[in-house]
Amino acid sequence: WEEERYPEGIKWKFLEHKGPIFAPPYEPLPENVKFYYDGKVMKLSTKAEEVATFFAKMLDHEYTTKEIFRKNFFKDWRKEMTSEEKSTITNLSKCDFTHMSQYFKAQTEARKQMSKEEKQKIKEENERLLKEYGYCVMDNHKERIANFKIEPPGLFRGRGNHPKMGMLKRRIMPEDIIINCSKDSKIPAPPPGHKWKEVRHDNKVTWLVSWTENIQGSIKYIMLNPSSRIKGEKDWQKYETARRLKKCVDKIRNQYREDWKSKEMKVRQRAVALYFIDKLALRAGNEKEEGETADTVGCCSLRVEHIKLHPELDGQEYVVEFDFLGKDSIRYYNKVPVEKRVFKNLQLFMENKQPEDDLFDRLNTSILNKHLQDLMEGLTAKVFRTYNASITLQQQLKELTNPDDNIPAKILSYNRANRAVAILCNHQRAPPKTFEKAMMNLQSKIDAKKEQLADARRELKSAKADAKVRRDEKSKKSVESKKKAVQRIEEQLMKLEVQATDREENKQIALGTSKLNYLDPRISVAWCKKWGIPIEKIYNKTQREKFAWAIDMAEEDYEF
DNA sequence: GGCTCCGACTCAGAAAGATAAGT
DNA sequence: GACTTATCTTTCTGAGTCGGAGC
């Protein structure tokens, strides 16, 4: 499917699908599950009860202790109440959801305890739904749909310090839904008694279904799976653009270094920002509406308060200390030595400014991207992230792979290379809840193994001594087998220690995002072919489906 | 030209669920 | 071999990027 088949902007000629699956309707709680207000049992109306269950289900979560979450929730909940309920329930702190919460926990537990047959039945039902709704036909190909289920109602959970956390995400009805498919396809039927908001036939877009969400007023879509032609082609294009950047990146770097000296403030800011984007793989940083989302920034939206300048720090000159919240409120913290000119420019940009002022006051993403477009066709800020991630992987693999290593050791090298990229892109995760415990378990295993090794060595020693005295076949054999035992235990110990290092290094690093979105899969495929590593060791089934194009295309001599 | 708004798409980590490994 | 625990995979949906329309 690599060749361009359609004129500009046309995404398909034929599109047929079954429409979305809606969230199951609300099932009222059994009579014996009580809600208490101010210590007294209170029977809620169905609508108010449903919203209450959303809160009850999250009761153990930290969210429900947050002031903003509670305030937003209570406000939206009251909108669903009858006037009597409204006049009674005036204080969230007097609401007791614990019984409801226990009921849901018991239900989860019961689900876990279900018999094999029951579980099988559910599985089969899910498979049936997947078969019916999970696929569409786009231009002679049956393609998997990514998210064919409509998001159920619930409480909005933003990331970080989101001003809208706790608000009610309303139930989506067929009347909210826009269907997109081709005219000559079998148009999906709305559920009985309902109709779609609209049916359109727009082949300049890739989505099948859309609706407007009520928290931010943004549009949500149902689109195809990453394994589909339309997504794969786009992915391939993305890496091809990054490879084109490789060819002219030196020129661009020289250019922005020149621009640091420009007479125009705007040009200088643009050049310093681009330097950060290139060197540190920062995101572009679009401006955001204040108060609508969590306060996070990217490169162009950095504020004075997000950087500190150190003329000298820990023996290095011209160090910039970054500390800000990026996408998903993930903290970016880094101390970077920069060139003198960059440093001087930053001092200039910060002159006479307040901490909350924009660092690059003459710059935004659209100015930056327009400039990049002039430097190379199709170049935007995010291409630098893709380029630097992929080139780093390729370099690291070259550097770290030891030809004499066995397969597990080579895979460890791969993971290390992957990790270098994840660190560059600042892909972090919360340390797993069980991390400390798991680490301690592993450590005690290592300790036990060490003791075992000491024992085995002692035994070997005495067997040797024994053999020296006796000089018979039997004791010789015993020495041999003891030797093997020691070796085996040493290997096991080493394996455990490697595992411990690997896990420790990975504590706060998320490898998945870079693997899925930034690393040209052809680099990995080529590496596997070169070293005889089965591709399954690097990519699981889903990933192999997504990267099928690369697995097909790349040979062992592929160069990014 | 530049600003705002919005549509369409990619990228993001948490949580749930499934499977493998260990006891 | 049953049960528990650790790890891997999948699902979910929120949060970005970027381009284009309209003024």
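Chain naming here is simple, since letters A, B, ... match the order of the sequence lines and numbering starts at 1 in each.
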Give every residue pair that meets the ring pair (Phe, Tyr, Trp, His ring centres under 6.0 Å) criterion with at least one member in residues 262-288 of chain A, sequence neighbours excluded.
W260(A)-Y275(A), F276(A)-F322(A)

Start at the 5' end of DNA chain B and walk down; is the nucleotide closest to T513(A) or to K204(A) reached first?
K204(A)

Given DNA chain B, 5'-ward residue of the pair I330(A) and K123(A), judged by closest heavy atom
I330(A)

Give me the ring orientation class for F55(A) and F97(A): parallel if the planes are under 30° apart, tilted from 30 to 60°, perpendicular past 60°.
tilted

Set out, line by line, the N/O atom pairs under 3.5 Å between protein and nucleotides 4-6 of chain C.
{"unit_1": "dA6(C)", "atom_1": "OP1", "unit_2": "N441(A)", "atom_2": "ND2", "d": "2.7"}

So, H427(A) versus Y518(A), ring centres under 6.0 angstrom or not?
yes

Decide yes or no on salt bridge (Lys or Arg N to Asp or Glu O under 4.0 Å) for R270(A) and D259(A), but give the supporting numbers first.
CA-CA 8 Å; R270(A) 198 179 66 193; D259(A) 287 347; 3.8 Å; yes

Under 4.0 Å, heavy atoms only, any strand: does [X] hit a base, just the sugar-phosphate, or nothing?
{"X": "P152(A)", "value": "sugar-phosphate"}
{"X": "K169(A)", "value": "sugar-phosphate"}
{"X": "Q428(A)", "value": "sugar-phosphate"}

Please assess Y133(A) against H17(A) for the test ring pair (Phe, Tyr, Trp, His ring centres under 6.0 Å), listing each intermediate value before the final yes or no.
CA-CA 7 Å; Y133(A) 293 93; H17(A) 58 92; over 10 Å; no

Determine, step by step, whether Y135(A) and E143(A) satisfy the side-chain contact (heavy atoms from CB on, under 4.5 Å) criterion, reporting the C-alpha distance in whole Å, the side-chain angles of both residues, the deciding distance to 0.1 Å, and the verdict.
CA-CA 5 Å; Y135(A) 296 85; E143(A) 304 266 34; over 6 Å; no

[X] [atom1] - [N] [atom2] separation (whole Å):
{"X": "L208(A)", "N": "dA8(B)", "atom1": "CG", "atom2": "P", "answer": "13 Å"}
{"X": "W207(A)", "N": "dT13(C)", "atom1": "CH2", "atom2": "C1'", "answer": "18 Å"}
{"X": "H427(A)", "N": "dA12(B)", "atom1": "NE2", "atom2": "C1'", "answer": "7 Å"}
{"X": "K537(A)", "N": "dA20(B)", "atom1": "NZ", "atom2": "C1'", "answer": "13 Å"}
{"X": "I219(A)", "N": "dT10(B)", "atom1": "CD1", "atom2": "P", "answer": "15 Å"}

Working to the nearest 0.5 angstrom, can you tell me the gap between L325(A) CG and R159(A) CZ?
13.5 Å

Against the six-membered ring of F104(A), is K57(A) placed for a cation-pi contact (under 6.0 Å from the centre, within 45° of the normal)?
yes

Tell which nucleotide pairs with dA21(C), taking only Watson-Crick or G-U wobble pairs whose two distances are both under 3.5 angstrom.
dT4(B)

Could you check N147(A) against K541(A) and say which one's nearest nucleotide on DNA chain C is further toward the 5' end?
K541(A)

When E292(A) is tested against each of H162(A), Q216(A), K164(A) for side chain to side chain donor-acceptor pair (under 3.5 Å), which residue passes?
K164(A)

With B for base contact, S for sugar-phosphate-only contact and - for none (protein heavy atoms under 4.0 Å), nucleotides 15-20 of chain C reads BSBBS-

